[in-house]
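Letters A, B, ... are given to chains in the order of the sequence lines, protein chains preceding strands, and every chain is numbered from 1.
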Protein chains: 2
Amino acid sequence: MTTIYDLAKKTGISKSTISRVVSGNGYVSSQKRKIILDAMHEMNYIPNQVAKNLRSKHTKNIGFLVNDYYPLVGELVNSFTQIASQYGYNVNLYFTKTSENEIHTLNLLTTKTLDAVFIALRINSWDTIGSYAKFGPIATWQRVKHPHIYSNFIDHYPIYYRILEHLDKQGYKHIGHVLSEYRNGNTQARVRAIKNFIQKHPDSKQSYQFYHGQNGVGEFAAMRWLQDKNHPQVMMAFTDYVAAEFIATLKKNGVKVPEECLVIGSDNGEIARLMDFPTIDLCFRNQMHNGFIYLYNQLNSADLPFESQNPRWVDAD
Amino acid sequence: MTTIYDLAKKTGISKSTISRVVSGNGYVSSQKRKIILDAMHEMNYIPNQVAKNLRSKHTKNIGFLVNDYYPLVGELVNSFTQIASQYGYNVNLYFTKTSENEIHTLNLLTTKTLDAVFIALRINSWDTIGSYAKFGPIATWQRVKHPHIYSNFIDHYPIYYRILEHLDKQGYKHIGHVLSEYRNGNTQARVRAIKNFIQKHPDSKQSYQFYHGQNGVGEFAAMRWLQDKNHPQVMMAFTDYVAAEFIATLKKNGVKVPEECLVIGSDNGEIARLMDFPTIDLCFRNQMHNGFIYLYNQLNSADLPFESQNPRWVDAD
DNA sequence: TTGAAAGCGCTAACAA
DNA sequence: TTGTTAGCGCTTTCAA
C-alpha cells in the first residue's frame with residue numbers, strides 16, 4: 001500500500017506538501033503539484049482513511065440502530081442510507097437486540113468510531129440514550145421530547161382521529177386497534193384519539209390491545225378476532241406488516257377481506273401497495289431524510305433545510 | 001475523553017502496562033491490574049477504536065454492497081448482519097448505484113476502512129471486482145466462478161427443472177418465465193433448464209422474457225400477460241417481489257390468482273408467506289451466513305464450518 | 001511556497 | 001513483570 005511517505009521518498013518532496021495536494025488545503029506551486037499528482041497516479045496512491053480518522057477525530061460513519069429486524073427496517077435504512085451517502089457518510093447498521101448491546105453500540109460515539117447515531121427502535125430509556133449525546137448527536141423518528149435527542153416525530157393524534165371520523169361516517173361503528181407498546185409516545189396519542197372519539201360518539205365501539213414486538217403480532221391479533229363472536233368491522237394496525245399478517249391469517253381462515261373486515265395499516269410501506277390495503281402515510285421517508293439532515297447540520301455546523309412531513313390517508317385503489 | 005495516557009498519568013503506571021490490561025495481552029501483576037481497573041472505571045475509560053485500527057490495520061468493518069434497494073435486500077442484510085455481529089464485525093451498507101461509486105467503495109478495502117466485502121448485487125464486471133481481492137476477501141451469493149471471489153451460489157438448474165416437471169404432471173402445459181438479466185449465471189441455468197425441458201416435453205409451451213432491474217418488472221410483465229390472449233397458466237418469477245407485483249397487478253385487473261394464473265416466486269422471502277403464494281427456497285439465509293463465514297475464515301485464518309444449502313419448493317398452504 | 005516536527009491513541013519489540 | 005521507545009499514516013502549526 002502506498003503511503004504519503006512513499007510519495008515523499010519517490011518525489012523528494014516533503015510529506016507536508018504532499019498532504020497539501022492530497023487534501024487540497026494550502027498552497028502548492030503548480031510544478032510540484034504536477035509532480036505529485038503524477039506520482040500519485042503512477043503509484044496508485046489512495047489516502048488511508050483510518051489515519052485521517054485518528055487525526056481528525058471523526059470517521060464519517062453514522063450508526064443506524066434498531067432493536068431487531070422487521071420488514072419496514074429495510075425501507076427505513078434504505079431511505080436513510082440514500083441521503084447519507086449523498087453527503088459522503090457511511091451507514092453502519094446495528095441490530096442491538098439487548099440493552100447491553102445497545103449501550104455498547106452507543107459507546108462507539110465516545111471515540112468517534114461513530115460520528116452520530118440514528119435510533120430507529122430503542123431498548124434503553126431515552127434518558128440513558130440521551131446521556132450519550134455529549135459524545136455525538138443523536139436523532140430518532142420516535143416520539144420523544146428530550147433535551148439532547150432530536151426527534152422529528154409525527155403526531156399521530158390528528159390523523160388518527162380524522163380517520164376514525166371518516167370511518168364512522170362510512171358506517172363503521174365497531175373498530176378494533178392493534179397498538180404497539182404503551183410506553184411509545186404515539187401509542188399514547190392513538191389511545192387519546194380513541195378515547196376522545198368515544199366521548200363524542202357514544203354509539204361507537206372501540207376495542208384495543210397492546211403488543212410488544214412485531215413478529216407474529218398480526219397473526220396473534222387475527223386469531224383473537226376470529227375467536228371473538230362480536231368482532232370489529234375494521235381493524236387498524238400500528239404498522240403495515242402487522243396489517244399484512246392480520247389479513248393473511250384472516251384469509252387463510254376463509255374470511256373475506258375487506259368485505260368482512262377492513263384492515264388498515266400504518267406507514268405506507270411497499271407491502272401495503274402490493275397487498276393493496278389502505279394505510280396511513282406517516283412519512284417515514286421524510287423522517288429518515290430529516291433525521292439525517294439534523295445529524296449532518298450538527299456535525300458540520302450547517303443549516304440544510306428540512307423536508308415537510310404531512311401524514312395522509314392512503315386508500316387502496 | 002480519557003486516553004491511555006491519562007490513565008498512565010493518574011496511576012503513575014506506564015502506558016504499555018495499561019495497554020496490557022486493556023487489551024488483555026501480556027502479564028500484569030494483580031496489584032497493578034487492580035489499580036488500573038479502578039482508574040479505568042473511575043475515569044470512564046473507553047479504548048479508542050480508531051487508534052487501534054490504525055495500528056492493527058484492520059477495522060472489523062465489512063462492507064455489504066448492493067447496486068440498489070429492493071425488498072429482499074432488507075432480509076439479506078439482516079441475515080448477514082446478525083451473524084457478523086455475533087463475531088464482532090460491523091456491517092457498512094452501501095447502495096452503489098453507479099459503477100464509479102462501486103469502485104469507490106471497493107477502494108475502501110485498500111486502506112482497510114473495510115476489512116472485507118460482500119457483494120449482494122454488482123455493477124462492474126467480476127474481473128474488475130476481483131482485482132480488489134488482493135486488498136481483502138470478497139464474497140458473493142451470485143453465481144460466479146472467479147479465482148479471487150468466493151461464491152457459495154446455488155445452482156438453479158436442478159430445482160428449476162424439477163419444478164417444471166412437477167407442473168407438467170399437474171397438467172400445466174403453458175408456462176411463462178420472468179427472468180433476470182441474461183448475464184446472470186443462474187438466469188442462464190434457468191434458460192438451460194427450460195430448453196432441456198422442452199426437448200423432453202415437446203407438447204409443452206414455455207415462454208420467457210428477460211428484465212433488467214427489479215422495480216416495476218412484475219407490473220410490466222403482468223401487463224404483457226393481460227394483453228396476451230394466449231397467456232401462460234403459470235408464471236415463474238425470479239424473485240418473490242416480482243411475483244408479488246405480478247399478482248397484485250393481475251388482481252387489480254380482476255384476474256383470479258391462482259385460479260386463472262398460478263404465480264410462483266423465488267427466494268422464500270417474507271412476502272411470499274404473507275401473500276401466500278408458492279415460492280422456491282433458494283436458501284439466501286444460509287448463503288448470507290456462509291458468505292460471512294468465508295470472510296471471517298479468511299480474515300482470521302479460521303476454519304468455521306459452513307451451513308448446508310438445500311433449495312426446495314415451498315408450496316402455499 | 002515549502003519543510004521539519006509534533007502528535008492523534010494505541011500496541012509491541014526490546015531491554016531492564 | 002514493567003517501562004522505554006518507535007511507529008501506524010496523516011495533518012497542521014511554526015519557522016524559514
Side-chain angles (χ1 to χ4, degrees), chain A residues 1-37 39-40 43-61 88 107-115 135-136, chain B residues 1-37 39-40 43-61 88 107-115 135-136:
Chain A
M1 206 199 64
T2 311
T3 72
I4 224 167
Y5 174 78
D6 300 324
L7 252 21
K9 208 166 48 181
K10 163 141 187 151
T11 60
I13 300 171
S14 80
K15 287 193 300 172
S16 8
T17 306
I18 312 242
S19 170
R20 286 187 191 101
V21 356
V22 171
S23 64
N25 297 145
Y27 305 102
V28 178
S29 67
S30 54
Q31 315 102 313
K32 293 222 172 183
R33 159 165 283 121
K34 185 175 172 352
I35 298 174
I36 294 171
L37 252 18
M40 279 169 56
M43 303 184 72
N44 227 289
Y45 172 72
I46 290 155
N48 185 321
Q49 188 59 46
V50 180
K52 280 188 179 172
N53 292 345
L54 179 60
R55 275 243 36 169
S56 65
K57 296 181 176 301
H58 61 244
T59 51
K60 296 228 162 195
N61 285 159
N107 265 328
L108 299 175
L109 281 174
T110 59
T111 58
K112 292 296 174 191
T113 297
L114 259 26
D115 288 351
F135 303 114
Chain B
M1 206 199 63
T2 313
T3 73
I4 225 167
Y5 174 78
D6 300 325
L7 252 20
K9 208 165 49 180
K10 163 140 187 150
T11 60
I13 300 172
S14 81
K15 286 195 299 173
S16 18
T17 306
I18 312 232
S19 170
R20 286 186 194 102
V21 357
V22 171
S23 64
N25 297 145
Y27 305 103
V28 179
S29 67
S30 54
Q31 315 101 317
K32 293 223 172 181
R33 160 165 281 121
K34 184 173 174 355
I35 297 174
I36 294 170
L37 252 17
M40 278 169 58
M43 302 184 74
N44 227 290
Y45 172 73
I46 290 155
N48 184 322
Q49 188 59 45
V50 181
K52 281 188 179 174
N53 292 345
L54 179 60
R55 275 242 35 173
S56 64
K57 295 180 177 302
H58 61 244
T59 50
K60 297 229 159 193
N61 285 161
N107 265 328
L108 298 176
L109 280 175
T110 61
T111 58
K112 293 298 173 188
T113 297
L114 258 26
D115 288 351
F135 303 115

Problem set entry | Closest to the B:Arg20 side chain, choosing from D:dG3, C:dC10, D:dC8 | D:dG3
Exercise. Between D:dT12 atom P and A:Leu54 atom CG, what is the distance in whole Å?
Worked result: 13 Å
Problem set entry | Interatomic distance where CG belongs to B:Asn25 and C1' belongs to C:dA12 [whole Å] | 10 Å
Problem set entry | A:Ile18 CD1 to D:dT12 C1', straight-line distance once rounded to whole Å | 16 Å
Exercise. Counting distance only, does the side-chain N/O of A:Asp115 pair as donor-acceptor with the main-chain N or O of A:Lys60 below 3.5 Å?
Worked result: yes
Exercise. From D:dC14, C:dA12, D:dG9, pick the nucleotide closest to the side chain of A:Thr3?
Worked result: D:dG9
Exercise. What about A:Ser29, does its side chain sit under 3.5 Å from the base of C:dT2 through a donor-acceptor pair?
Worked result: no
Exercise. What's the shortest heavy-atom distance between A:Thr2 and A:Asn44, and which atoms?
Worked result: OG1-O, 4.2 Å
Exercise. Does A:Lys57 have any side chain to side chain contact (heavy atoms under 4.5 Å, CB included) partners at least two apart in sequence or in another chain, and if so, which?
Worked result: none
Problem set entry | Nearest to side-chain heavy atoms of A:Val28, which nucleotide of D:dT2, C:dT2, D:dC10 | C:dT2
Exercise. Phosphate oxygens OP1/OP2 of D:dC10: is one of them under 4.0 Å from a side-chain N or O of A:Tyr45?
Worked result: yes
Exercise. In terms of side-chain heavy atoms, does A:Ser16 have a donor or acceptor partner in A:Ser19 at a distance below 3.5 Å?
Worked result: no
Exercise. Which nucleotide sits closest to the side chain of A:Lys32: C:dG3, C:dA12, C:dG9?
Worked result: C:dG3
For this session: Kindly state which residues belonging to residues 4-15 of chain B come within less than 4.0 angstrom of DNA chain D, counting heavy atoms of the residue only, listed by number.
Result: B:Ile13, B:Ser14
Problem set entry | Protein-nucleotide distance (B:Arg33, atom CZ; D:dT1, atom C1'), rounded to Å | 11 Å
For this session: Rounded off to whole Å, could you give me the CG-to-C1' distance for the A:Asn53 and C:dC10 pair?
Result: 15 Å
Problem set entry | Under 4.0 angstrom between A:Thr17 side-chain N/O and C:dG3 OP1 or OP2 | yes
Problem set entry | Integer-rounded Å distance: D:dC10 P and A:His58 NE2 | 15 Å
Exercise. Minimum heavy-atom separation for A:Thr111 to B:Ile46, with atom names?
Worked result: CG2-O, 3.8 Å
Seminar exercise, completed: Rounded to whole Å, NZ of A:Lys52 lies from P of D:dT12 at a distance of 10 Å
Exercise. How close do B:Lys112 and B:His58 get, heavy atom to heavy atom, and via which atoms?
Worked result: CB-CA, 4.2 Å
Problem set entry | B:Thr11 side chain to B:Leu7 backbone, donor-acceptor under 3.5 Å | yes
Exercise. Looking for any heavy atom pair under 4.0 Å, which part of the strands does B:Ser16 touch: base, sugar-phosphate only, or nothing?
Worked result: base
For this session: Can you tell me the distance, in whole Å, between the CE atom of A:Met40 and the P atom of D:dC10?
Result: 10 Å
